[in-house]
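Chain naming here is simple, since letters A, B, ... match the order of the sequence lines and numbering starts at 1 in each.
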2 protein chains.
Amino acid sequence: MDIYEPVTKVAQLIGDPRRATILMTLVDGQAWPAGDLAQVAGISPSTASDHLGQLVSGGLLTVVQQGRHRYYRIANSDVAQIMESLASVAPPGPIRSLRQSDLRKALQYARTCYDHVAGYVGVAVTEAGIRRGYWNQEEAGYWLTDAGLAWLQEIGVPCDAGQRSIPTHIDWTERAGHLAGPLSVRLTARLFELGWFTRGTGTTIASKRTVVVTEAGKDAFRQHLGLEFRNARS
Amino acid sequence: MDIYEPVTKVAQLIGDPRRATILMTLVDGQAWPAGDLAQVAGISPSTASDHLGQLVSGGLLTVVQQGRHRYYRIANSDVAQIMESLASVAPPGPIRSLRQSDLRKALQYARTCYDHVAGYVGVAVTEAGIRRGYWNQEEAGYWLTDAGLAWLQEIGVPCDAGQRSIPTHIDWTERAGHLAGPLSVRLTARLFELGWFTRGTGTTIASKRTVVVTEAGKDAFRQHLGLEFRNARS
DNA sequence: TTGTCATTTCGAGCGTAACCGAAGTTTCTG
DNA sequence: CAGAAACTTCGGTTACGCTCGAAATGACAA
């Protein structure tokens, strides 16, 4: 009689503080070994193993063995999206320290999320590309134009000319779409390579999710996309 | 230290079978008294009251008192969207009866969801309107054209000519956007009035969420939007 | 006012699941 | 072939929260 059992199961898995911490740690698409995740969640390895097993059999995580490590990662981009969207419905919650407040602002400004850059910066880049005619908005995603293909090749992003469809993801802090999918992965990687982006400098894993636009990057985005970023702290 | 507490809290609230049933029952935006919800979830009134209290203080539901009844409803469209998206990541789950299978197909075909018609039909109507030039796709929603305004007035939907922006919602079974917001509410209500749509005939509350396109409606959609619906059972 | 209905509050019972330490398994290292 | 490292499995403890019935509250009707 319970048609909603699958929904309940997924929510229940996310609804444990340790598992939620693990999932949010992995939401940027990177893979971490079980031991590190245990430490992040503040639990013993055996408990973490239990939680990780549940998340895998629930379809939220996948695991690959490498040597004596087992690396866990988010199973697919839908799971990442769910975590992002949950984070947006949830009330902001009390800020308990200045560092927390700064971290939240930095994440809102720009963060890596599974296969792309999310937050204000991700949306701004996507929209600037539309204005420049590099890709067009479509019903369910974007369509790469010839001009866009040329630009991507110019800045050194490997492209397949036959693959013009770019999926979209909704950014829940900005309430707007941005590029996603394989092309977005390569573009993002290339922008890090070019030094337009760099990673946050904190010691915690969460702070490593933050993305910073370098001074060189600001110039480059202005020149290539006519894009003027707003300040990070606002 | 736990910055993810709000996320955990929301997921934990959804992650109980009874509460999930209550939320999914309310996801179409209607309000129901506590006693009815207790019956739907198959629990005693006192237990239901406890759950409902939790959902209200967690910000997922709101409650209005009318006489000696207290009517509960989904707090906002974000909550409805979360429930819809959770239902899509979750694996389909085993079908335990023919009736369940039929109900799921009907819900997938068309259902009322908070403030609009969702499912295949909702997406199809939205896209037909784009093809007809009644509204245009925009970055974060749709923009009502003059032709669209005229059409809406022609079929008797009250419109404010100054209010051209239409928000969007992502439909997770179809993976595409559809109309939402106040205008969508009025349009949907009018289509029921005109007899293009009618409600599902089942006795359960879930089956009442389903939407059926009438024969008259099929003709009307064909004539007005050039829209040919696929069959409901496929 | 009294009685009834819808709902909430309280108290107690109970089951499940998170948790850890110890032991077991697998894989790399010396 | 030991020995260590990374991780999982198992067993036992503990605590949280779901559950209901009984009683209290609040609203309406006679």
Side-chain angles (χ1 to χ4, degrees), chain A residues 1-2 4-26 30-73 205, chain B residues 1-2 4-26 30-73 205:
Chain A
M1 184 54 198
D2 184 9
Y4 305 124
E5 189 197 322
V7 175
T8 313
K9 187 67 193 165
V10 170
Q12 190 209 84
L13 284 171
I14 305 174
D16 173 87
R18 319 302 181 159
R19 285 193 296 262
T21 303
I22 290 172
L23 286 166
M24 291 304 277
T25 303
L26 295 173
Q30 289 198 287
W32 290 88
D36 292 27
L37 293 172
Q39 200 171 353
V40 169
I43 48 181
S44 74
S46 58
T47 307
S49 178
D50 184 13
H51 284 312
L52 290 167
Q54 288 185 54
L55 290 169
V56 169
S57 59
L60 299 185
L61 296 185
T62 57
V63 58
V64 289
Q65 182 122 16
Q66 261 179 38
R68 44 187 166 184
H69 295 270
R70 304 192 75 192
Y71 284 87
Y72 290 87
R73 70 166 71 236
I205 293 186
Chain B
M1 185 52 194
D2 183 11
Y4 304 124
E5 190 197 322
V7 176
T8 313
K9 187 67 194 167
V10 171
Q12 189 208 82
L13 284 171
I14 306 173
D16 172 86
R18 319 305 181 155
R19 285 194 296 262
T21 302
I22 290 172
L23 286 165
M24 292 303 279
T25 302
L26 295 173
Q30 288 199 286
W32 291 88
D36 291 28
L37 293 171
Q39 200 172 354
V40 169
I43 48 182
S44 73
S46 57
T47 306
S49 178
D50 184 13
H51 284 312
L52 290 168
Q54 289 185 54
L55 290 169
V56 169
S57 58
L60 299 185
L61 296 184
T62 57
V63 57
V64 289
Q65 181 122 16
Q66 259 180 40
R68 42 188 167 185
H69 295 270
R70 304 192 74 193
Y71 284 88
Y72 289 87
R73 69 166 71 235
I205 293 187

Separation of atom [atom1] in [X] from atom [atom2] in [N], rounded to whole Å:
{"X": "A:Q54", "N": "D:dT8", "atom1": "CD", "atom2": "P", "result": "13 Å"}
{"X": "A:Y71", "N": "D:dC7", "atom1": "OH", "atom2": "C1'", "result": "13 Å"}
{"X": "B:Q39", "N": "D:dC20", "atom1": "CD", "atom2": "C1'", "result": "17 Å"}

Write out a two-atom table: protein N or O, nucleotide N or O from nucleotides 3-6 of chain D, distance below 3.5 Å.
from, atom 1, to, atom 2, distance (Å)
D:dA5, O4', A:R68, NH1, 3.2
D:dA6, O3', A:R68, O, 3.4
D:dA6, O3', A:H69, ND1, 3.4

Collect all protein-nucleotide pairs involving nucleotides 21-25 of chain D in which both atoms are nitrogen or oxygen and the distance is under 3.5 Å.
from, atom 1, to, atom 2, distance (Å)
D:dG21, O6, B:S46, OG, 3.1

Identify all side-chain donor-acceptor contacts of residues 7-20 of chain B below 3.5 Å with residues at least two apart in sequence or on another chain.
from, atom 1, to, atom 2, distance (Å)
B:T8, OG1, B:Y4, O, 3.0
B:D16, OD2, B:R18, N, 3.0
B:D16, OD2, B:R19, N, 3.1
B:R18, NH1, B:A41, O, 3.2
B:R19, NE, B:L13, O, 2.7
B:R19, NH1, B:H51, ND1, 3.1
B:R19, NH1, B:Q54, OE1, 3.2
B:R19, NH2, B:Q12, O, 3.2

For a quick check of understanding: with a heavy-atom distance under 4.0 Å over all strands, which category does [X] fall into, base, sugar-phosphate or nothing?
{"X": "B:D50", "result": "base"}
{"X": "B:Q66", "result": "nothing"}
{"X": "B:Y72", "result": "sugar-phosphate"}

Between B:R18 and B:Q65, which has a closest nucleotide on DNA chain D that is more 5'? B:R18
May I have the list of side-chain donor-acceptor pairs in residues 59-70 of chain A shorter than 3.5 Å, sequence neighbours left out?
from, atom 1, to, atom 2, distance (Å)
A:Q65, OE1, A:R70, NE, 3.4
A:Q65, NE2, A:G67, O, 3.4

Heavy-atom donor-acceptor pair, A:S49 side chain to A:P45 backbone, under 3.5 Å: no
How many angstroms lie between atom OH of B:Y71 and atom CG of B:L37, to the nearest 0.5 angstrom? 10.5 Å
Rounded distance [0.5 Å steps], CG in B:D36 versus CD1 in B:I22: 11.5 Å
Find the bend of the helix from C:dT1-D:dA30 to C:dG30-D:dC1 as the angle between its two terminal axes (five pairs each), to the nearest 10°. 20°
Quick one: are B:Q30 and B:W32 in side-chain contact, heavy atoms under 4.5 Å? yes
Opening and closing nucleotides of DNA chain C in contact with chain A, under 4.0 Å to non-hydrogen atoms: C:dA18 to C:dT29
